[in-house]
Amino acid sequence: MIVHVSLAIPISKAFSYSVPRQFELFIKLYMRVTVPFRNRVLTGYVVGVDNGSDDALKEILGVVDIFPLFNESLASLSLWASHYYATPLGLILKYAVPLNLQIEQYLLVKSLCDHTSSLNGISLKKVLRSAGRDAVLNLYHKREIAFYDVFTGKPFTSLVQEPGQVQKHDKILYLGSIDDRMEHYLMLISQHIAGGGNVLMLLPDYYASGRYYYKILVEKFKGNVSWYGSPGKAKARMETYFKARSDGGFVILGNKSAAFLPLLNNGLIIVERSEGDEYRNEEGVKFNAWIIALKRAEIENIPIVFGSIAPPLEIYKGIGEGKFRIIDKSVSIKREDIHIVMKKNLSIPGKLPGEFTEIVGGAIAKGGNVAIFTPRKDYVSHLFCLECKTPFQCTICGGPLSYQKRSNVLICSACDKSINYEEKCPHCNSELIRFSQTGAEYLEGKLNAAFAQCRIVKVTGETLEEVVKGEALDEPDEPLKPLNPTIFIGTQALSKLYTVGVKLLILYGWEELLRISGYRATEKMYQVLMNLIDALRPERICLFMDEKKSVELAPFMNVRSFYLNELQKRKLAEYPPYVRLFLIEVEKKNREMGRRLVKKIQDFLEKEGFGQYITGPLIQKRGYRYQYKMILKIPENESISQGLLALYNFSGVRIEPDPPII
DNA sequence: GAAATAGAACAT
DNA sequence: TGTTCTATTTCA
């Protein structure tokens with residue numbers, strides 16, 4: 001017997017091994033096996049089984065799983081993701097099963113005959129340790145033992161597709177406010193769990209959205225709600241895993257990895273605010289959880305519901321093409337309800353505009369909370385030397401540096417590297433440094449000085465956990481006391497504060513998103529504005545815009561026309577969702593070497609029929625290295641299949657699927 | 001991803 | 001011609 005094994009390394013092909021006779025009976029597709037690779041031992045997934053033998057192949061060293069952890073649908077989902085994201089299958093499979101999976105610890109042995117009775121009720125982990133893996137596999141194969149998990153008490157068997165109730169696969173966009181969405185979700189969940197199904201609900205983040213929804217769901221569904229993938233809670237995670245796998249009637253909440261969680265049949269998937277960037281997994285395997293969830297619903301033939309007040313453009317495109325159904329409960333804001341103040345040099349440090357302190361002060365005097373959105377999180381995001389005119393750049397990657405006053409460091413926005421701020425230009429040593437593009441930290445300082453009597457809370461992606469857990473929201477269910485008005489200052493993270501409620505919402509430099517957010521800028525602006533209003537429920541809205549950068553507000557005031565217009569623009573410009581973008585990067589110390597590899601890649605892509613879609617390469621010097629960047633713009637109907645995966649045959653090539661900014 | 005190996009650069 | 005450091009290839 002020969003098996004083809006996918007390993008978690010950046011190589012797109014599977015490696016073949018022969019199977020010693022004693023393992024042959026145990027081998028099934030998608031089981032994990034240990035194999036020799038070079039001079040180490042790796043765990044990989046069996047992705048193919050052949051009869052016959054080949055003496056030239058090395059032998060597998062052992063069989064890890066008693067059952068395959070994947071069923072057909074999860075396997076096809078992984079295979080699809082591997083192609084779609086041009087990522088080797090082994091890396092996807094490794095991600096798709098729970099991290100640090102310790103199934104054996106939570107499985108107990110059930111004796112099925114007399115001479116195994118001493119093992120009855122003992123954990124599989126212990127039995128494996130005392131009897132050895134091969135002996136246990138043998139007993140199981142002879143049907144002398146079986147397994148059940150400690151949480152549900154139900155037998156742990158292969159994931160089989162139960163015919164059961166066949167559901168209608170349906171893709172729905174629920175366009176409406178947070179209260180309407182919640183009501184709709186509760187109705188759907190009740191229906192589904194009453195029918196014995198499980199519901200998977202994806203939420204944009206753990207600390208704020210997760211907390212908010214968890215609380216409401218637990219109130220209604222009690223112990224049948226759990227988080228999958230909560231940080232540091234291995235046991236809870238496994239409990240959710242087993243419940244979802246072998247039982248019905250549960251609501252499983254998660255963010256990214258939950259999109260791959262094995263779920264019993266008769267499922268329903270809900271994705272809340274899918275436009276949130278938090279669904280993008282950037283570490284290791286790059287993917288977007290809602291895209292995976294959508295494909296999964298298709299493969300498993302289960303309904304999926306996207307709820308939002310400002311959904312991603314892709315979904316609105318799906319409505320136009322008849323792939324999505326829409327439930328439209330949208331509420332539009334009126335232009336005349338938004339007060340606009342134009343100012344010069346809004347993002348350059350200096351005195352806050354008089355109207356600004358006046359308006360904030362007015363709201364506070366009436367005893368209401370105020371939320372102030374600003375697009376950047378640090379003190380300032382753009383430093384440059386007034387003498388030699390050089391902007392401050394990261395020494396490692398060449399990315400722009402921003403300044404954090406509190407810790408007096410410069411942070412690279414591209415690679416997160418931080419260095420101490422020396423108060424002089426690294427180029428010419430001049431001390432004439434210009435700060436511009438102020439952010440949340442800067443405004444926080446200014447507000448502290450102007451409104452000493454108020455509590456001022458900074459809300460960014462980094463502080464969100466602290467804010468939600470901390471004293472600012474110690475009674476998340478009750479709005480903050482009017483006697484103690486609070487000013488929340490922050491980035492889009494503000495739109496996660498579902499419970500505070502504000503009298504006044506100010507967007508300070510919202511139009512800057514146009515320059516920050518690449519080709520998605522207008523879409524992003526709409527989503528930021530709508531989600532802030534959705535979560536914070538302001539009585540009044542006020543925009544402070546820079547005179548020179550100001551934008552027309554009218555196009556944002558009607559959902560339908562906004563999306564149709566934006567889709568039209570993207571189509572003309574040949575941007576997503578009408579094309580898919582892949583960023584291909586090559587980095588070499590030697591300029592000529594880089595050029596040669598780029599040429600090889602271009603020739604290969606040409607041969608594969610992608611030649612016409614290449615832009616670039618753009619050459620950038622990064623420290624001592626040369627970086628070559630190419631953009632592949634592939635029309636949506638074009639299949640990429642194996643084409644891009646084969647780029648892993650050239651080493652030193654990095655592929656980034658769907659880069660947000662190019 | 002990382003070890004083996006081929007290649008370049010430098011010294012003897 | 002040996003030594004050391006770096007870039008490239010290959011793994012079953």
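In what follows, every chain begins at residue 1, and chains take the letters A, B, ... in the order their sequences are listed.
- One can place CD1 of A/Ile9 at 7 Å from C1' of B/dG1, the figure rounded to the nearest angstrom.
- Rounded to whole angstrom, the span from the CG atom of A/Leu7 across to the P atom of B/dG1 amounts to 13 Å.
- The aromatic ring centres of A/Phe26 and A/Tyr140 sit 6.0 Å or more apart.
- A/Arg580 places a side-chain N or O within donor-acceptor distance of the main-chain N or O of A/Tyr84, the cut-off being under 3.5 Å.
- Residue A/Tyr17 is classed as a sugar-phosphate contact, given heavy-atom separations below 4.0 Å to backbone atoms only.
- Between A/Tyr30 and A/Phe70, the ring planes lie tilted relative to each other; the angle falls in the 30° to 60° range.
- One atom, NZ of A/Lys58, and another, C1' of C/dA12, lie 7 Å apart when rounded to the nearest Å.
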Which parts of nucleotides 4-10 of chain C does protein reach within less than 4.0 Å, heavy atoms only, written one letter per nucleotide 5' to 3' as B for base, S for sugar-phosphate only and - for none? ---SSBB

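- A search for side-chain hydrogen bond (donor to acceptor under 3.5 Å, both in side chains) contacts involving A/Glu608 returns nothing, not counting sequence neighbours.
- Aromatic pair A/Phe156/A/Tyr148: centroids not less than 6.0 angstrom apart.
- At whole-Å resolution of the value, NZ in A/Lys94 and P in B/dG1 are 9 Å apart.
- Taking atom NZ on A/Lys13 and atom P on C/dC11, their separation rounds to 7 Å, with Å as the unit.
- As rounded to the nearest Å, B/dA6 and C/dA12 have C1' atoms that lie 22 Å from one another.
- Between A/Phe604 and A/Phe610, the ring centre distance reaches or exceeds 6.0 Å.
- Note: CZ (A/Arg40) to C1' (B/dA3) measures 8 Å, nearest angstrom.
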